[in-house]
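Reminder, nothing fancy here: chain letters follow the sequence lines and each chain counts from 1.
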Number of protein chains: 2
Amino acid sequence: MPAPRSRSSAAERAIRAAGERLTAPRAAVLETLLAARQALTHHEIEQALATRLAVDRVTVYRVLDWLVSLGLAHRLAGEDRTWRFLATHGEAHAAHAHFMCSRCGRTVCLDEVAVPPAVKVPRGFEPSHVELNVKGVCATCR
Amino acid sequence: MPAPRSRSSAAERAIRAAGERLTAPRAAVLETLLAARQALTHHEIEQALATRLAVDRVTVYRVLDWLVSLGLAHRLAGEDRTWRFLATHGEAHAAHAHFMCSRCGRTVCLDEVAVPPAVKVPRGFEPSHVELNVKGVCATCR
DNA sequence: GCCTCAGATGCAATTGGGTTGCGCGCGTGG
DNA sequence: CCACGCGCGCAACCCAATTGCATCTGAGGC
């Protein structure tokens, strides 16, 4: 049960809780990610921000890197060779599946699909996490 | 039981069998892929070719695209936003897992890991194939 | 409330993987 | 051996992402 719209947004609270400096670009980017129902490209984030706050392209990149390093966001490499970002909604979802549309690049989480928690890898290799990606065509592209 | 080095290489035979024009760059690229024990970047392929045949950068890209469209090769998007290619050794391996090193990008097949053949996706979505990628650090990078 | 400064931002230039356009060359079928 | 259409090489281009640097600012200390 989220508090009935406190003065500080969930994004701001998360940044404060992490003991990091709270700035307008950071809050805006994280809010955008938290509100998204699918993985967003850098470009999509920039567009979403445009209506509320002018943020430099480079700053968006840096904020995203920073969110990833803090564990507040995920970075996904898509088929179109662009990064897509996803907020980690508190859940430390170690592993979860994604659906990636080969036509439009749209990427959504598949929470119902189980991802093998551990896999057998060659001697000396050290796995950090497992990604299960389903490629195909999304509903709107069909 | 491969034939004891016939006049035509496996690559040449595969191209002929596909009813496609056989050219030096095509044979050389496919031979390189078939000999590789891991996924190769465009750059790695170019380097491997350099010792035996001068092939233009663009030609390598086009040959690779062509191999993929013929189903003779796979294309993988890596974390470093570069394509990596893998020969499909005859096996129509619909789904198989890969290990990707976050440090050097090295990508190898994990034949022992089972990939779920079918997954549940949202209504209207049409999955074509499933990719299971294990991210981590490889033996040489540790 | 004001000062300070490490760290965040904005701007411009750069990198690098990948792609495209086009004329020439060559593999293949006749 | 010839003709033709596809594949090749060259050069220019595209664009996501990165880097360098000067300026600005959030947040703790006074």
Side-chain angles (χ1 to χ4, degrees), chain A residues 7-9 11-30 32 39-47 49-50 52-70 72-73 75-85 104-105 107, chain B residues 8-9 11-30 39-47 49-50 52-70 72-73 75-85 100 102 104-105 107:
Chain A
R7 262 210 312 277
S8 63
S9 69
E12 290 172 3
R13 269 176 275 127
I15 293 170
R16 290 239 120 99
E20 295 284 327
R21 268 165 93 158
L22 176 61
T23 66
R26 288 179 169 187
V29 169
L30 183 50
T32 304
L40 298 181
T41 62
H42 165 268
H43 190 63
E44 289 165 341
I45 293 169
E46 224 185 331
Q47 279 196 299
L49 292 181
R52 48 147 85 180
L53 176 71
V55 181
D56 190 76
R57 231 159 55 79
V58 177
T59 299
V60 175
Y61 278 118
R62 287 196 272 232
V63 168
L64 288 169
D65 285 348
W66 170 82
L67 285 171
V68 170
S69 73
L70 269 157
L72 292 174
R75 179 198 268 120
L76 297 174
E79 291 275 284
D80 53 3
R81 293 186 344 285
T82 64
W83 295 120
R84 279 162 207 274
F85 296 86
C104 67
T107 302
Chain B
S8 63
S9 70
E12 290 172 3
R13 269 176 275 127
I15 293 170
R16 290 239 121 98
E20 296 285 328
R21 272 165 95 157
L22 176 62
T23 66
R26 288 180 170 187
V29 169
L30 184 51
L40 298 181
T41 62
H42 165 266
H43 190 63
E44 289 165 341
I45 294 169
E46 224 185 332
Q47 280 197 298
L49 292 181
R52 47 147 85 181
L53 175 71
V55 181
D56 190 77
R57 225 161 59 82
V58 178
T59 299
V60 175
Y61 278 118
R62 287 197 271 233
V63 169
L64 288 168
D65 284 347
W66 170 83
L67 285 171
V68 170
S69 72
L70 268 156
L72 291 174
R75 179 198 269 120
L76 297 173
E79 292 274 285
D80 52 4
R81 290 187 347 286
T82 64
W83 295 120
R84 279 162 208 272
F85 296 87
M100 298 178 171
S102 309
C104 67
T107 302

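Residue whose closest nucleotide on DNA chain D sits further toward the 5' end, between B:R26 and A:Y61: B:R26. Residues B:R75 and B:R16 each lie close to DNA chain C; by heavy-atom proximity, the contact nearer the 5' end of the strand is made by B:R75. Residue order along DNA chain D, read from the 5' end via each residue's closest nucleotide, puts B:A24 first among B:A24 and A:T23.
Regarding B:L64, its CG atom lies at a distance of 10 Å from the P atom of C:dT19, rounded to whole Å. Distance A:E20 CD to D:dG28 C1': 15 Å, rounded to the nearest Å. To the nearest angstrom, C1' of C:dC11 lies 14 Å from CD of A:E46. Between the CH2 atom of B:W83 and the C1' atom of C:dT19 there is a distance of 13 Å, given to the nearest Å. Distance, A:F85 CZ to D:dA16 C1': 11 Å, rounded to whole Å. Taking atom CG of residue B:D56 and atom P of nucleotide C:dC24, one finds them 17 Å apart after rounding to whole Å. Remark: P of C:dG7 and CG of A:D65 are 17 Å apart, rounded to the nearest angstrom. With rounding to whole Å, B:E79 atom CD is found 17 Å from D:dT18 atom C1'.
Judged by atom type and distance alone, B:R57 reaches the base of C:dG18 through a side-chain donor-acceptor pair under 3.5 Å. Counting distance only, with no hydrogens placed and no angle test, the side-chain atoms of B:R62 and the base atoms of D:dG9 include a donor-acceptor pair under 3.5 Å. Between the base of C:dG17 and the side chain of B:R81 there is no donor-acceptor pair shorter than 3.5 Å.
When all heavy atoms are compared, the tightest approach of A:W83 to B:E79 is CH2-O, 2.6 Å. When every heavy atom of B:A11 is checked against every heavy atom of B:A27, the shortest pair comes out as CB-O, 3.7 Å.
Of the possible donor and acceptor atoms, none in the side chain of B:T59 sits under 3.5 Å from a partner among the backbone N and O of B:V55. Not a single donor-acceptor pair under 3.5 Å links the side chain of B:T23 to the backbone N or O of B:R21. B:H42 places no side-chain N or O within donor-acceptor distance of the main-chain N or O of B:V58, the cut-off being under 3.5 Å. Judged by distance alone, the side chain of A:R84 and the main-chain N or O of A:R75 form no donor-acceptor pair under 3.5 Å.
Residue contacts shown for A:A77 are absent, as no nucleic acid heavy atom lies under 4.0 Å away. Using a 4.0 Å heavy-atom distance criterion, B:H43 is classed as making no nucleic acid contact. Across all strands, A:W66 comes closer than 4.0 Å to no nucleic acid atom at all (heavy-atom distances).
You'll find that the side chain of B:V63 is closest to D:dC8, out of C:dC26, C:dC11, D:dC8. Picking from C:dA6, C:dG18, D:dA16 the nucleotide with the shortest atom distance to the side chain of A:T82 gives D:dA16. Taking the side chain of A:R21 as heavy atoms from C-beta on, and the options D:dA17, D:dG9, C:dA8, the nearest nucleotide is C:dA8. Side-chain atoms of B:V58 lie closest to D:dA11 of the nucleotides D:dG9, D:dA11, C:dG10. When distances run from any side-chain atom of B:L22 to the nucleotides C:dA8, D:dG9, C:dT28, the shortest one goes to C:dT28.
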